[in-house]
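The structure under discussion appears below in the form of structure tokens.
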Amino acid sequence: MIGQDRAVEIVRLAARQRRSVLLLGEPGTGKSMLGRAMTEWVSPLPPVDVLLFPGGQNRYTIPVRTVPAGEGSAAVRRAGKLGRQQRLARRLLLGLLMVAIFVVAGFTSWKEKEPLYLATGLSLALFLFWLGSRRDPLQTAAEPRLLIDRSKGEPVPFVDATGLHAGGLLGDVRHDPYQSGKWAASPQSLVEPGAIHLAHGGVLFIDELATLDQETQQRLLTAFQEKELTISGRQAGSSGSMVRTEPVPCDFVLVVAGNLPDLEKLHPALRSRIRGYGYEIVMADSMEDNPANREKLARFIAQEVEKDGRIPHFTREAAEMVVEHARGLAGKPHSLTTRFRELGGLVRAAGDVAAAEGEDLVLPVHVEKAMVMVWTVEEQLQTAKRTMRKAVGKE
């Protein structure tokens, strides 16, 4: 993180103490990168698998159990094996009963010289065969489901929930088109975890906070405070709306990011919670123009080239031109911009020009051409207007 020493210091402290953070600043100043970096410093919680078990008298209220990571799959396998054994024993019993009925009916029909006994026995045997072959929803519903498997996940998960709707963020219950009868799905098979549940023990990152409506922010606050949240159906017309789980754990470090104008759209209670149990940070949009920071910018250019993988490296002179462009973007004397997304765009554009010309290195002339290519829409329109005015003036 270049030029964000204060933000890095506070975020590192927040991560170690499992505090939440509100990051505000211009786009491209490293908010997402800083949020993801918290996983390297955050104090981990013991990872757990989350299991859903069939309900009791009310089959639509689903019990939730947590077990140490890796034990959830074993529990599901044991339950599945037991279920298969029970179904096999049931089918074997029905098969023996069918044979007995058929033998007794055949013997009685032969002894009494009455074919009706044989027809009745055959009909009863076929009914038992149908009964044994049909899908038993109650048997299937008796098996647990592994909702969250952390056996192979990261020690500290990072979940980017940017742009998710309420169901994706808080969890949801899928619609069952059959709803009832032998084809109905078991209630626990319809449940889908939300990003808050997947982030249990780790970091939940939400950028562009203005996209979250007030109701979703209120529910997020509830999960943030209670460290657990029930999953329920969010579609009023769906059969899944009656399905709900017991509270599912969601103890996460919340990182909310946005631009300064978005602050007024943040739910007051959610902001108060972050302020009371975390930190608010304004990202720096510039840094001091000194040799150390210029060297960091040169390293940034080299990293962008390596990350892209399709453009050549820069000569010293070309890198210096990019640094000078960073001075212009800062808009302040003796400063360099920290909006590295824009600088990265210039680096890639210059590399594309050099690659198109078959050069092994990016030269200053390539950077000069790229500066025009990366103009914003507003800059392009202004240039077009100036050109038009000049043309009109000459006429």
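Heavy-atom minimum distance, Arg18 versus Asp251: NH2-O, 3.4 Å. In plain terms, the two heavy atoms of Ser335 and Ser286 that are nearest each other are CB-CB, 4.2 Å. Of all heavy-atom pairs spanning Val203 and Gly35, the tightest one is CG1-O, 4.0 Å. The minimum heavy-atom distance linking Gly351 with Pro312 is given by the pair O-CD, 3.7 Å. Contact record, Met371 with Met321: CE-O, 3.8 Å, taken as the closest heavy-atom pair. The shortest heavy-atom contact between Val362 and Ala354 is CG2-CB, 3.9 Å.
One finds the NE2 atom of His366 at 9.5 Å from the OG1 atom of Thr315 (value rounded to the nearest 0.5 Å). The NZ atom of Lys227 sits 9.5 Å away from the CD atom of Gln225 when rounded to the nearest 0.5 Å. Arg275 contributes atom CZ, which lies 14.5 Å from atom OG of Ser20 (distance to the nearest 0.5 angstrom). Within the model, atoms NE2 of His325 and CG of Leu346 stand 5.0 Å from one another, a figure rounded to the nearest 0.5 Å. The structure places CE of Met287 at 5.0 Å from CG of Leu336, a figure rounded to the nearest 0.5 Å. Remark: Leu220 CG to Gln214 CD distance equals 11.5 Å, nearest 0.5 Å.
Aromatic ring orientation, Phe224 versus Phe252: parallel (interplanar angle below 30°, classes split at 30° and 60°).
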Legend entry - Stepwise side chain to side chain contact (heavy atoms under 4.5 Å, CB included) test for Arg65 and Val50: CA-CA 6 Å; Arg65 302 290 181 269; Val50 179; over 6 Å; no

Legend entry - Test log, rule side chain to side chain contact (heavy atoms under 4.5 Å, CB included), inputs Asp172 and Ile231: CA-CA 6 Å; Asp172 204 348; Ile231 300 176; 5.6 Å; no

Legend entry - Full working for salt bridge (Lys or Arg N to Asp or Glu O under 4.0 Å) between Lys369 and Glu357: CA-CA 12 Å; Lys369 292 180 180 179; Glu357 295 181 0; 2.8 Å; yes

Inset, instruction - Report the C-alpha separation of Asp207 and Lys31 in whole Å, then their side-chain angles, then the decisive distance to 0.1 Å, and conclude whether the salt bridge (Lys or Arg N to Asp or Glu O under 4.0 Å) test is met. - result: CA-CA 8 Å; Asp207 201 357; Lys31 298 187 292 293; 5.3 Å; no

Inset, instruction - Apply side chain to side chain contact (heavy atoms under 4.5 Å, CB included) to the pair Leu23 and Val256, showing each step before the final yes or no. - result: CA-CA 6 Å; Leu23 299 172; Val256 181; over 6 Å; no

Inset, instruction - With side chain to side chain contact (heavy atoms under 4.5 Å, CB included) as the test, would you mind laying out the steps for Thr61 and Thr245 before giving the verdict? - result: CA-CA 5 Å; Thr61 300; Thr245 69; over 6 Å; no

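Within the cation-pi definition used here (under 6.0 Å to the ring centroid, within 45° of the axis), Arg316 does not qualify as a partner of Phe314.
Listed by chain and number, the hydrophobic cluster partners of Val353 are Met373, where partners are ILVMFWY side chains within reach of under 4.5 Å, directly or through others.
Side-chain N or O atoms of Asn290 include one that pairs as donor or acceptor with a backbone N or O of Asn293 at under 3.5 Å. Formation of a donor-acceptor pair under 3.5 Å by the Asp149 side chain with backbone atoms of Ser151 is found in this model. One N or O on the side chain of Ser43 and one on the backbone of Arg16 form a donor-acceptor pair closer than 3.5 Å. No donor-acceptor pair closer than 3.5 Å links the side chain of Asp308 to the backbone N or O of Val305. Without hydrogens or angle criteria, Thr29 side chain to Glu26 main chain gives a donor-acceptor distance under 3.5 Å. The closest donor-acceptor contact from the side chain of Glu192 to the backbone of Gly171 lies at 3.5 Å or more, if one exists at all. Of the possible polar contacts, none joining the Glu317 side chain to the Leu363 backbone as a donor-acceptor pair under 3.5 Å is found.
A salt bridge does not link Glu304 with Arg299: every distance from a Lys NZ or Arg NE/NH1/NH2 to an Asp or Glu carboxylate oxygen is 4.0 Å or more. Salt bridge absent: Asp285 and Arg339 never bring a charged side-chain N and a carboxylate O closer than 4.0 Å.
Neither Leu297 nor Met33 shares a network with the other; the hydrophobic side chains, linked directly or stepwise wherever heavy atoms of I, L, V, M, F, W or Y lie under 4.5 Å apart, form separate groups for each. Hydrophobic clustering (ILVMFWY, side-chain heavy atoms < 4.5 Å, transitive): Ile10 and Leu34 are in one cluster. Ile2 and Leu343 fall within the same hydrophobic cluster, where Ile, Leu, Val, Met, Phe, Trp and Tyr residues are linked whenever their side-chain heavy atoms come under 4.5 Å apart, directly or through other members. Connection of Ile301 to Met1 is not established within any shared hydrophobic cluster, with ILVMFWY side chains joined at heavy-atom distances below 4.5 Å, either directly or through further cluster members. Both Leu229 and Val159 belong to a common hydrophobic cluster when Ile, Leu, Val, Met, Phe, Trp and Tyr are linked at side-chain heavy-atom distances under 4.5 angstrom.
Taking the side chain as every heavy atom from C-beta outward, Arg145 and Leu51 never approach each other to under 4.5 Å. Residues Tyr279 and Arg19 have side chains in contact (heavy-atom distance under 4.5 Å, counting atoms from C-beta outward). The shortest side-chain heavy-atom distance between Ile311 and Asp352 falls under the 4.5 Å cut-off. In this structure, the side chains of Ser32 and Phe205 come closer than 4.5 Å at one or more pairs of heavy atoms. Side-chain contact between Leu361 and His313 is present, with heavy atoms from C-beta onward closer than 4.5 Å. Between Gln17 and Val253 there is no side-chain heavy-atom pair separated by less than 4.5 Å. Residues Arg294 and Glu324 are in side-chain contact: their nearest non-hydrogen atoms beyond the backbone lie under 4.5 Å apart. At a threshold of 4.5 Å between non-hydrogen side-chain atoms, the residues Leu204 and Ile206 count as touching.
When the shell of 6.0 Å around CD of Glu280 is examined, it contains more than 12 heavy atoms from other residues, nucleotides or ligands. Crowding of Tyr277 atom OH: a count of heavy atoms from other residues, nucleotides or ligands under 6.0 Å not exceeding 12.
Put simply, the residue from Leu22, Val8, Val11 that forms a side-chain contact (heavy atoms from CB on, under 4.5 Å) with Ile281 is Val11. No option in Leu169, Leu212, Leu170 other than Leu170 meets the side-chain contact (heavy atoms from CB on, under 4.5 Å) test with Arg219. With His267 as the partner, the side chain to side chain donor-acceptor pair (under 3.5 Å) test is satisfied by one option alone out of Gln218, Arg273, Gln217: Gln218.
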